[in-house]
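Both backbone and side-chain heavy atoms feed into the values below; hydrogens, waters and symmetry mates do not. All residue numbers in this chain count up from 1 along the given sequence. Computed from a predicted structure; not experimentally measured. First listed ligand is number 1; within each ligand, the first listed atom is number 1.
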Amino acid sequence: MKKTRILSDSDAHYLVKDAEKLLSPDRRRLLRQGLTLGGIMMLTGCDISDNADVENVLSRMSRFNDRVQGFLFSDRNLAPEYTAAEITRPFPFNAFYGPADIPQVDGRDYRLEIRGLVRDTRRWSLPELYRMQQVSQITRHICVEGWSAIGKWGGVPFRHFLTLIGADMRAKYVSFRCADEYYTSIDMATALHPQTLLALTWDNQILPPEYGYPMKLRIPTKLGYKNPKHIQVIEITNRFPGGYWEDQGYNWFGGS
Ligand SMILES: Nc1nc2c(c(=O)[nH]1)N[C@H]1C(S)=C(S)[C@@H](COP(=O)(O)O)O[C@H]1N2
Ligand SMILES: [Mo]
């Protein structure tokens, strides 16, 4: 007969602590804030409350983390790129709400707003952005909840855009406000990373609503929650801006 045991809150707390001990200090720093019992269950595929085979759960989790670290911390600090055949279909949707609440942004009167330490704070219409020189990447999106997926995004290298608006590259942070109340922020080095993309397309079509229409920041060296969708405002600042998940305990750095 299968033994069923429901973990108490304090068991769950210690299981998370044990799981953390398996990680090196660096890795611990990366994932600590994201570790929850639900997260461990999702990323190991183990139902801890049904089968409390803790050793098994922890070793699977450690392997998952090694794989994640491998993706995030490559030698040259470039995220791996993939072939079109490797694209995940269907590509998953994720947000802090369900599909029924995806923001419906009207592209016709959309203007991207620029604030803070920049020379030029004028607003950008979509046609203006579509006319800029575009590049594309096929990279892996890794969500802290324990899934990952390969997708293709196209758009303007963010470094190019920041140069164009005369952003103060010595500023510490770039922050993003989104149409759905989501917000996040990154350090300037990540903003200037060669693979960081102001993405306007997904899979060769205009970014669909579920994946962040009219634009998202695609950062393959960072976890999913550092990739804001439905961007409305970009601000260059020295004041720490935090983020929707980061302010609830997720690691602010969230990547490499
Ligand atoms: N505006 C906005 N951006 C967001 C989120 C969100 O809820 N709202 N969720 C983040 C998280 S946690 C993930 S995993 C990815 C999901 O992106 P996808 O729907 O393209 O898979 O978007 C990130 N960016
Ligand atoms: Mo995520």
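- Using a 4.0 Å cut-off to heavy atoms of Asn227, the atoms of ligand 1 that qualify are 4 (C), 22 (O), 23 (C), 24 (N).
- Per-residue contacts place Pro92 under 4.0 angstrom from the following atoms of ligand 1 (heavy atoms of the residue considered): 18 (P), 19 (O), 21 (O).
- The pair Asp203-Arg89 meets the salt-bridge criterion, with a side-chain N (NZ, NE, NH1 or NH2) lying under 4.0 Å from an Asp/Glu carboxylate O.
- Aromatic rings of Phe161 and Trp124 (six-membered ring for Trp) have centroids within the 6.0 Å cut-off, being under it.
- The side chain to side chain contact (heavy atoms under 4.5 Å, CB included) with Val174 is formed by just one residue from the set Thr237, Leu217, Asp187, Ile236; it is Ile236.
- Of the candidates Tyr244, Trp245, Phe240, Tyr225, Trp252 forms a ring pair (Phe, Tyr, Trp, His ring centres under 6.0 Å) with just one, namely Phe240.
- When atom types are taken as modelled, the side chain of Gln137 and the backbone of Val135 share no donor-acceptor pair closer than 3.5 angstrom.
- Every N/O-N/O distance between Tyr211 and ligand 1 stays at or above 3.5 Å.
- Close approach of ligand 1 to Cys178 (heavy-atom distance below 4.0 Å) involves ligand atoms 1 (N).
- Contact check on Arg122 versus Glu128 returns a salt bridge, with a Lys/Arg side-chain nitrogen under 4.0 Å from an Asp/Glu carboxylate oxygen.
- Numbered from 1 in the order shown, with element, the atoms of ligand 1 that lie under 4.0 Å from a heavy atom of Trp147 read 14 (S), 21 (O).
- Closest to atom 3 (N) of ligand 1 by heavy atom, among His141, Glu210, Lys229, Lys216, is Lys229.
- Taking only nitrogen or oxygen atoms, main chain and side chain alike, Asp180 reaches within less than 3.5 Å of ligand 1.
- For Phe93 and Trp147, the ring centers sit 6.0 Å or farther from each other.
- Proximity to Phe96 (heavy-atom distance under 4.0 Å) selects the following atoms of ligand 1: 7 (O).
- Not a single heavy atom of Phe176 sits closer than 4.0 Å to an atom of ligand 1.
- None of Asn227, Ile186, Val233 except one satisfies the side chain to side chain contact (heavy atoms under 4.5 Å, CB included) rule with Phe176; the exception is Ile186.
- Contact analysis puts Phe91 in contact with ligand 1, with a non-hydrogen atom separation below 4.0 angstrom.
- The nearest heavy-atom contact from the protein to atom 16 (C) of ligand 1 is Asn94 O, 3.4 Å.
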Next item on the list: Go through Ile138 and Thr83 one step at a time and tell me if the side chain to side chain contact (heavy atoms under 4.5 Å, CB included) criterion holds.
Entry: CA-CA 7 Å; Ile138 301 177; Thr83 64; 5.9 Å; no

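- Nearest to atom 4 (C) of ligand 1 by heavy-atom distance, out of Tyr97, Tyr182, Trp202, is Tyr182.
- Residue Cys143 approaches ligand 1 through these ligand atoms, each under 4.0 Å from one of its heavy atoms: 14 (S).
- Within ligand 1, counting atoms from 1 as listed, the ones closer than 4.0 Å to a heavy atom of Phe93 are 19 (O).
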